[in-house]
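Have a look at the structure below before the remarks.
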Amino acid sequence: MINFRYDRQIIVPFKDGIAIMQSLENGMLFESHYSSPPSYTPITDEISVQLVPAEMVNDIKVAKLLNISMDTAKSIRETT
């Protein structure tokens, strides 16, 4: 899982995550607001990475599919 902000994470296979992080090394941050000129600066935001167990990925998929909470999906997995 790559965390870009507190509310924006992406989950990709490990190998793909490494490629994304390597590509961001030379990346630039582009910001455009309605009333000011755009800015183009080096990425200085903190981007964190964590390994996500396959069980958690499956819990996320089940929660989305059944429209239930992650806690409920986890408890379903643990009781089966």
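Predicted model only: the values in this text are computed from it and were never measured.
In the hydrophobic cluster analysis, where Ile, Leu, Val, Met, Phe, Trp and Tyr join through side-chain heavy atoms closer than 4.5 angstrom, Leu24 is grouped apart from Met1. Note on Val12 and Ile47: same hydrophobic cluster, where clusters join Ile, Leu, Val, Met, Phe, Trp and Tyr whose side-chain heavy atoms are under 4.5 Å apart, directly or indirectly. In this structure, Val57 is a member of the same hydrophobic cluster as Met70, with clusters built from ILVMFWY side-chain heavy atoms closer than 4.5 Å.
To the nearest 0.5 Å, atoms CD1 (Ile10) and CD1 (Ile2) are separated by 4.0 Å. Taking OG1 of Thr41 as the reference point, atom CE of Met28 lies at 6.0 Å (rounded to 0.5 Å). Here Met56 contributes atom CE and Arg77 contributes atom CZ; the two are 10.0 Å apart, rounded to the nearest 0.5 Å.
The side-chain heavy atoms of Glu31 and Leu29, taken from C-beta on, include a pair separated by under 4.5 Å. Inter-residue side-chain proximity for Asn3 and Val49 is flagged as unmet; no heavy-atom pair is nearer than 4.5 Å. Side-chain atoms of Phe30 and Ser39, non-hydrogen and from C-beta on, never get closer than 4.5 Å to each other.
Checked options Lys15, Met21, Gln22; the residue passing with Ile18 is Gln22 (criterion: side-chain contact (heavy atoms from CB on, under 4.5 Å)).
Counting all heavy atoms, side chain and backbone alike, Asp59 lies closest to Ala73 at O-CB, 3.5 Å.
Other residues, nucleotides and ligands contribute at most 12 non-hydrogen atoms within 6.0 Å of the CG atom of Asn67. Sparse packing is recorded around CD of Glu25, with 12 or fewer heavy atoms of other residues, nucleotides or ligands lying under 6.0 Å away.
Under 3.5 Å, the side chains of Thr72 and Ser75 contain no donor-acceptor pair of N or O atoms.
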